[in-house]
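In the text below, chain A, chain B and the rest are named by the order of the sequence lines, each starting its count at 1. Excluded from the calculations below are hydrogen atoms, water molecules and symmetry mates; all remaining heavy atoms, backbone and side chain alike, are included.
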Protein chains: 2
Amino acid sequence: MNLVEKKTMSGDLNERLTTGGFRSTPQREHVYSVLLQKRDHPTAEEVFIRTKKTMPDISMATVYNCLDALVKCGLARQVTLDRGATRFCPNMREHCHFYCDSCDTVFDVDLPEKPRPGITLPHGFKAKHYEVAIHGICPECAKKKK
Amino acid sequence: MNLVEKKTMSGDLNERLTTGGFRSTPQREHVYSVLLQKRDHPTAEEVFIRTKKTMPDISMATVYNCLDALVKCGLARQVTLDRGATRFCPNMREHCHFYCDSCDTVFDVDLPEKPRPGITLPHGFKAKHYEVAIHGICPECAKKKK
DNA sequence: TCAATACTTAGAATAATTCCAAATTATGAA
DNA sequence: TTCATAATTTGGAATTATTCTAAGTATTGA
Ligand SMILES: [Mn+2]
Ligand SMILES: [Mn+2]
Ligand SMILES: [Zn+2]
Ligand SMILES: [Zn+2]
């Protein structure tokens with residue numbers, strides 16, 4: 001991450017936090033930059049471990065608090081696949097998730113412009129938002145299996 | 001549930017369990033009939049409470065075991081929406097879930113014949129199965145809000 | 001009939017998350 | 001600047017959902 005990226009990151013972060021009624025803190029900046037750095041949908045625990053590298057005294061409770069703040073002000077999404085720990089994703093474009101059953105990796109998959117042409121809801125149901133998870137096997141693992 | 005339904009239920013259950021390498025037990029029958037009776041996607045805890053009505057000495061551990069066996073032999077599905085307890089669904093047709101944000105109810109929604117026409121996966125990804133959750137507001141709650 | 005196996009059960013253990021209350025830090029009005 | 005107020009961080013306790021364990025029961029089929 002170069003200086004310009006850092007600047008925009010911080011600027012964006014700062015603005016989003018304040019308009020969301022939060023303060024911008026060193027902890028929140030670090031946690032957010034960790035999310036941006038490696039977009040592999042880490043769990044809170046993984047974010048904690050990564051954040052400690054640059055901020056060794058941060059606590060788990062704070063990581064949960066920061067992630068919560070980031071989600072609330074629209075800078076990150078929570079991703080829940082089956083059981084197990086919630087994962088976090090800083091990609092705020094509309095997208096869905098591909099989960100490789102073989103290596104447990106989660107990939108972002110872009111959605112087409114037209115939202116879900118197929119599904120027709122019964123009368124009276126109003127959909128606010130769709131969540132699509134695709135289970136399967138990723139290219140890497142498909143290659144290995146052969 | 002009349003006698004004929006009971007008979008078919010048991011027959012189906014029995015066959016599925018045995019072909020799956022499980023024994024048919026009173027506990028498994030009760031748990032399965034609880035799932036069939038009220039298709040509101042109960043949690044293990046809710047299944048436990050309902051099953052106790054006709055089988056007061058059943059334990060929570062057994063409910064977990066039974067649900068697990070039912071899932072393994074293809075008589076029920078696990079449904080995970082956001083955080084919180086896993087829910088169980090005996091509807092084995094391909095369907096997705098509508099979650100009402102207002103009253104927390106989970107509804108089954110049938111999917112069209114053609115599976116997911118919209119999404120195109122990046123090269124090399126092989127999808128095994130899609131999981132779609134729709135968040136929104138159900139007809140009942142929409143009416144109340146007006 | 002009896003040994004092997006499957007099943008049920010209570011309770012302990014674990015994992016993920018939330019709650020709590022005290023210490024620290026930031027803010028902004030006087 | 002100074003001080004009260006509010007927000008944030010923190011360690012640890014509490015909670016929730018689930019899994020594990022080990023002992024007791026029941027079932028099966030040689
Ligand atoms: Mn994502
Ligand atoms: Mn269902
Ligand atoms: Zn993979
Ligand atoms: Zn509703």
Engineer: In chain order, what residues pass the ring pair (Phe, Tyr, Trp, His ring centres under 6.0 Å) check against Phe125(A), with sequence neighbours excluded?
Structural biologist: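 Here the qualifying residues are Phe98(B), Phe107(B).
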Engineer: Could you list by number each residue of residues 41-54 of chain B showing a heavy-atom separation from DNA chain C of less than 4.0 Å, or answer none if no residue does?
Structural biologist: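 Listed by number, there are none.
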Engineer: Rounding to a whole Å, what distance do you find between Asn14(A):CG and dA26(C):C1'?
Structural biologist: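 Rounded to the whole Å, the gap is 13 Å.
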Engineer: Suppose clustering is done on Ile, Leu, Val, Met, Phe, Trp and Tyr with side-chain heavy atoms closer than 4.5 Å. Which residues sit in the same group as Val106(A)?
Structural biologist: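 Reading the cluster by chain and number, Val106(A) sits alongside Val79(A), Leu81(A), Tyr99(A).
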Engineer: Check the distance between dT8(D)'s C1' and Tyr32(A)'s OH and give it to me in whole angstrom.
Structural biologist: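 Distance, rounded to whole Å: 20 Å.
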Engineer: Indicate whether OP1 or OP2 belonging to dA16(C) is found under 4.0 Å from a side-chain N or O atom of Arg83(B).
Structural biologist: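 No, no such contact exists.
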Engineer: Could you work out, with side-chain contact (heavy atoms from CB on, under 4.5 Å) as the rule, every residue matching Asn91(B), not counting sequence neighbours?
Structural biologist: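 With sequence neighbours excluded, Asn91(B) shows a side-chain contact (heavy atoms from CB on, under 4.5 Å) to Arg39(B), Cys89(B), Arg93(B), His95(B), Asp108(B), given in chain and number order.
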Engineer: Tell me which residues in residues 97-105 of chain A lie within less than 4.0 Å of DNA chain C, going by non-hydrogen atoms.
Structural biologist: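 The answer is none.
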Engineer: Among residues at least two apart in sequence or on other chains, which ones pass side-chain contact (heavy atoms from CB on, under 4.5 Å) with Thr62(B)?
Structural biologist: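 Once residues adjacent in sequence are excluded, the partners of Thr62(B) under the side-chain contact (heavy atoms from CB on, under 4.5 Å) criterion are Gln27(B), Ile58(B), Ser59(B), Cys66(B).
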Engineer: Please list residues of residues 60-76 of chain B whose heavy atoms come under 4.0 Å from any atom in DNA chain C, ordered by number; otherwise none.
Structural biologist: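 Those residues are Ala61(B), Thr62(B), Asn65(B).
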Engineer: Cluster partners of Ile49(A), using ILVMFWY side-chain heavy atoms under 4.5 angstrom, listed by chain and number?
Structural biologist: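 Besides Ile49(A), the cluster holds no residue at all.
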Engineer: Enter the distance from Gln78(B):CD to Asp68(B):CG here, rounded to the nearest 0.5 Å.
Structural biologist: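 Those atoms lie 7.0 Å apart.
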Engineer: Tyr32(A): what forms a ring pair (Phe, Tyr, Trp, His ring centres under 6.0 Å) with it, not counting sequence neighbours?
Structural biologist: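 For Tyr32(A) there are no ring pair (Phe, Tyr, Trp, His ring centres under 6.0 Å) partners, ignoring immediate neighbours.
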Engineer: When you look at Thr51(B) and His30(B), which way does the side-chain hydrogen bond (donor to acceptor under 3.5 Å, both in side chains) test go after all the steps?
Structural biologist: CA-CA 6 Å; Thr51(B) 308; His30(B) 278 251; over 6 Å; no
Engineer: One thing to verify: whether Asp40(B) and Arg50(B) come together as a salt bridge, which I'm taking to mean a side-chain N less than 4.0 angstrom from a carboxylate O.
Structural biologist: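 So Arg50(B) pairs with Asp40(B) through a salt bridge.
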Engineer: What pairs with Thr43(B) under side-chain contact (heavy atoms from CB on, under 4.5 Å), at least two apart in sequence or on another chain?
Structural biologist: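 For Thr43(B) the side-chain contact (heavy atoms from CB on, under 4.5 Å) partners, ignoring immediate neighbours, are Glu45(B), Glu46(B), Ala85(B), Arg87(B).
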Engineer: Please enumerate all protein N or O atoms sitting under 3.5 Å from an N or O of nucleotides 3-7 of chain C, with distances to 0.1 Å.
Structural biologist:
from, atom 1, to, atom 2, distance (Å)
dA6(C), O4', Arg23(B), NH1, 3.4
dA6(C), O4', Arg23(B), NH2, 3.0
dC7(C), OP1, Arg23(B), N, 2.6
dC7(C), OP1, Arg28(B), NH1, 2.8

Engineer: Val132(A) and Cys96(A): which non-hydrogen atoms are nearest, and at how many Å?
Structural biologist: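 Here Val132(A) and Cys96(A) meet closest at O-CB, 3.0 Å.
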Engineer: What's the closest nucleotide to the side chain of Ser59(B) if the choices are dA10(C), dA16(C), dT18(D)?
Structural biologist: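 Taking heavy atoms from C-beta onward, the closest nucleotide is dA10(C).
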Engineer: Ile58(B) CD1 to dA26(D) P: how many Å, rounded?
Structural biologist: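 Going from Ile58(B) (CD1) to dA26(D) (P), I get 15 Å.
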Engineer: According to a strict under-4.0 Å criterion, is Thr86(B) in side-chain N/O contact with OP1 or OP2 of dA17(D)?
Structural biologist: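 The answer is no; no side-chain N or O of Thr86(B) sits under 4.0 Å from OP1 or OP2.
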Engineer: What pairs meet the ring-ring contact (aromatic ring centres under 6.0 Å, His included) rule with one or both residues in residues 36-74 of chain A, with sequence neighbours excluded?
Structural biologist: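 Listed once each, the pairs are His41(A)-His97(A).
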Engineer: CG of Leu17(A) versus P of dA7(D): gap in Å, rounded?
Structural biologist: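 After rounding, the gap between these two atoms is 15 Å.
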Engineer: Would you compute the distance between atom CG of Leu13(B) and atom CG of Leu75(B) and round it to the nearest 0.5 angstrom?
Structural biologist: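 Leu13(B) atom CG to Leu75(B) atom CG measures 6.0 Å (nearest 0.5 Å).
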